[in-house]
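Here's the structure, in structure tokens; my notes come after.
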Amino acid sequence: MAVPIAARTPDQAHQQAEAAQAAGADLLELRVDYLEGLSVELVGTLVGKMRNAGEEPPRMIVTCRDKQQGGALDYPAKLRVDVLIGALKAGVEFIDFEYDNFRVIENQERIRLALSQCSRGRLILSAHNFEGKFENIGKLFRNISNACPGAIPKLIYVANHINDCFEALDLLHQTSAERIVFCMGEAGLISRILAKKLGGFVTFASIDEQNATAPGQLTIKQLKTLYRCDAIVADTELFGVIADPVAHSLSPAIHNACFAEKGLNCLYLPLLVEGDRQGFESFVSHALLRKWLHFGGFSVTIPHKANALAYVRARHGSVEPLAARIGAANTLLVGADGKLIASNTDYAGALDAIIAGMRISKAKLNGLAVAIVGAGGVARALVAGLSDAGADITIYNRTVERAEKLAAEFGCAFAPLEDVPSVDARLLINCTSIGMHPNVEATPVPAESLKKTMAVFDTVYNPAKTLLLKEAKKKKAKTIDGIAMFVNQAMTQFKLFTGHDANAELMRNVVCDSLAQK
Ligand code: NAP
């Protein structure tokens with residue numbers, strides 16, 4: 001893993017290098033285009049000091065990026081080539097030069113000569129596109145490889161949609177020489193993580209978010225701890241959560257922690273799939289077509305749960321009956337025959353949380369008076385699960401027509417949200433986002449309406465102790481938090497994905513730690 005050192009002064013560069021090595025960097029990329037007052041001597045001294053700093057001299061790439069290709073300060077081409085040649089003489093392992101500038105004969109001749117005169121320095125020939133995909137990435141790769149056969153081609157472009165990553169992944173899959181290929185931007189994130197699986201020469205990571213040198217660059221801690229980069233190998237099985245937005249999702253943290261605990265050769269990715277049904281279908285088709293990626297299943301959340309169901313139906317996969325009734329799937333499993341199996345672990349996760357929280361058997365849900373506040377996706381899963389178990393449900397919602405429609409579908413009662421204060425039920429469930437961070441002072445049900453005889457379940461899990469639950473606790477009502485449901489549905493998915501039981505306590509701790517950090 002290479003960590004860019006992007007400092008204005010040599011002192012700052014030393015500090016960053018120490019932090020990068022302490023965090024486990026294998027390679028330091030000295031981005032000397034960030035240095036003020038750049039000169040051959042300045043870089044030579046910096047490289048020399050760094051090589052002598054610790055017990056183990058760090059391996060280094062020296063890059064003096066052209067401002068046109070993402071460089072920080074605008075230094076003339078001649079000085080940039082002088083600096084790279086000086087770095088080779090100072091003994092660095094790699095220099096990185098832009099392919100476009102290498103095609104200038106004078107630059108090329110000078111760099112070739114310097115390479116021939118040093119015993120170990122190698123050239124990385126790089127191309128960047130900050131707008132989007134290259135016109136023909138395969139041709140560009142061949143041109144760069146042919147321009148200097150001993151060099152390591154580096155092709156980096158911005159992914160404007162996750163589907164743009166497949167060209168980079170294909171190129172890595174189809175080539176075997178040393179090469180660096182990945183995508184920038186949030187949509188390109190998976191290509192940075194999967195470069196290791198596909199034999200990419202190196203992945204770049206920043207020391208921390210403030211020191212990122214390219215859009216979408218992950219931190220070394222995220223790559224090593226969250227995405228278990230050191231454990232990724234060619235046949236690592238992949239899973240991930242398909243969502244938009246996805247950055248806030250806690251699913252990668254909990255699944256990867258459980259994979260690590262069980263020593264499973266699996267990795268769970270955040271999959272930002274923007275767009276409608278077509279964007280979803282195109283991503284899943286691309287991912288499954290490439291069997292060498294080894295996708296074993298997906299979690300699916302907003303806004304794609306209905307798209308997931310439609311996709312599986314259209315491809316003659318199998319759909320779990322209650323997922324069909326809910327009209328949404330949150331889990332797609334790739335079967336042994338390659339066909340998809342769609343299921344919904346939300347309702348079962350919620351029902352398990354209710355049964356455990358109320359300390360009752362599932363049979364006791366039959367005839368139980370339940371008030372559900374909200375009529376969106378989560379309410380729908382709960383209404384389906386609880387009506388299947390025979391509960392007597394009333395749905396309250398701000399948009400009363402939505403409550404009416406859901407109630408008609410499952411044979412329940414409904415009422416406008418204004419009627420909530422007169423609620424009388426054994427189980428009250430909040431399925432709205434009211435009370436969710438940052439609006440933690442809001443509650444969907446006034447404290448006066450809560451009773452000791454009620455069990456109160458809030459599906460909101462950020463924060464875990466919502467105002468609704470705090471007030472219910474004051475009334476000595478039984479309370480059930482949203483983390484229980486979240487962990488339960490994730491545990492069911494983990495079992496479907498791997499055949500192993502997940503560690504519930506570990507999952508809950510990871511959720512709580514992640515929320516505390518946020
Ligand atoms: P959704 O489909 O967008 O539905 C949102 C619901 O909240 C609708 O009924 C909406 O009423 C209502 N609502 C939103 N803002 C409101 C406001 N200011 N006043 C009154 N009603 C309001 O969302 P969802 O997927 O069902 O998710 C709902 C919540 O469930 C999320 O916010 C999240 O906290 C929680 N959740 C928990 C888990 C878990 O595992 N624990 C998983 C997913 C989600 P209208 O119909 O009138 O718009």
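These numbers come from the heavy atoms of this one structure, side chains and all, not from hydrogens, waters or symmetry mates. Counting starts at 1 for both ligands and their atoms, following the listed order. Note that the structure is a prediction, hence the values are computed from the model and not measured.
The option from T432, I434, N430 that lies nearest to atom 20 (C) of ligand 1, judged by heavy atoms, is I434. Of the listed residues (A353, G376, A381, A442), the one carrying the non-hydrogen atom nearest atom 1 (P) of ligand 1 is G376. The residue among I302, T399, V373 with a heavy atom at the shortest distance from atom 47 (O) of ligand 1 is T399. The nearest non-hydrogen atom to atom 16 (C) of ligand 1, considering only R402, R398, E401, M436, comes from R398. For atom 39 (C) of ligand 1, the nearest non-hydrogen atom from the set Y396, Y461, F457 comes from Y461.
Taking every non-hydrogen atom of V378 and a distance limit under 4.0 Å, the qualifying atoms of ligand 1 come out as 24 (P), 25 (O), 26 (O), 27 (O), 30 (O), 36 (N), 43 (C), 44 (C). Listed by atom number, the atoms of ligand 1 under 4.0 Å from F486 heavy atoms are 40 (O), 41 (N). Remark: ligand 1 atoms within the under-4.0 Å shell around heavy atoms of G374 are 9 (O). Numbered from 1 in the order shown, with element, the atoms of ligand 1 that lie under 4.0 Å from a heavy atom of A375 read 9 (O). Near V460, meaning under 4.0 Å from any of its heavy atoms, are these atoms of ligand 1: 34 (O). Using a 4.0 Å cut-off to heavy atoms of S433, the atoms of ligand 1 that qualify are 7 (O), 14 (C), 15 (N), 32 (O). Proximity to L417 (heavy-atom distance under 4.0 Å) selects the following atoms of ligand 1: 20 (C).
Checked against F239 for a ring pair (Phe, Tyr, Trp, His ring centres under 6.0 Å), the options F494, F259, F298 give a single hit: F259.
Between F295 and L288, some side-chain heavy-atom pair lies under the 4.5 Å cut-off. Contact check for W292 versus L198: side-chain heavy atoms found under the 4.5 Å cut-off. M1 is listed as a side-chain neighbour of I220, based on a closest heavy-atom distance under 4.5 Å. Inter-residue side-chain proximity for F497 and S299 is flagged as met; some heavy-atom pair is nearer than 4.5 Å.
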Any chance you could lay out the ring pair (Phe, Tyr, Trp, His ring centres under 6.0 Å) test for F134 and Y157, step after step, and finish with the verdict?
CA-CA 7 Å; F134 291 112; Y157 62 91; 5.8 Å; yes

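Stacking of R313 on the aromatic ring of Y311 is not recorded, the 6.0 Å distance cut-off and the 45° axial limit not both being met. Taking the ring axis of F204 as reference, the NZ or CZ atom of K154 stays within 45° of it and closer than 6.0 Å to the ring centre.
The protein atom (non-hydrogen) at minimum distance from atom 11 (O) of ligand 1 is N397 OD1, 3.3 Å.
Contact annotation for atom 8 (C) of ligand 1: protein present (non-hydrogen atoms, distance under 4.0 Å). Counting protein heavy atoms under 4.0 angstrom from atom 3 (O) of ligand 1 gives zero.
More than 12 heavy atoms of other residues, nucleotides or ligands lie within 6.0 Å of CD in Q174, so this atom counts as buried by the packing criterion. Atom CD of E261 is surrounded by more than 12 heavy atoms from other residues, nucleotides or ligands within 6.0 Å.
Considering backbone and side-chain N/O of G377, one or more are found under 3.5 Å from N/O of ligand 1. For a threshold of 3.5 Å applied to N or O pairs, the pair formed by A379 and ligand 1 contains no separation below that value.
Residue contacts with ligand 1 for C431 involve N, CA, C or O but no side-chain atom from C-beta outward (heavy atoms, distance under 4.0 Å). At a heavy-atom distance under 4.0 Å, no atom of I483 approaches ligand 1. Residue-level proximity to ligand 1 for N462 is absent, since no heavy atom of it falls below 4.0 angstrom. Under 4.0 Å from ligand 1, heavy atoms of T459 appear from its side chain as well as its backbone.
Atoms CG and NE2, on L194 and H173 in that order, are 13.0 Å from each other to the nearest 0.5 Å. Within the model, atoms CD1 of I434 and CG of L417 stand 6.0 Å from one another, a figure rounded to the nearest 0.5 Å.
Remark: side-chain polar atoms of H286 are not paired, donor with acceptor, to backbone N or O of F166 under 3.5 angstrom.
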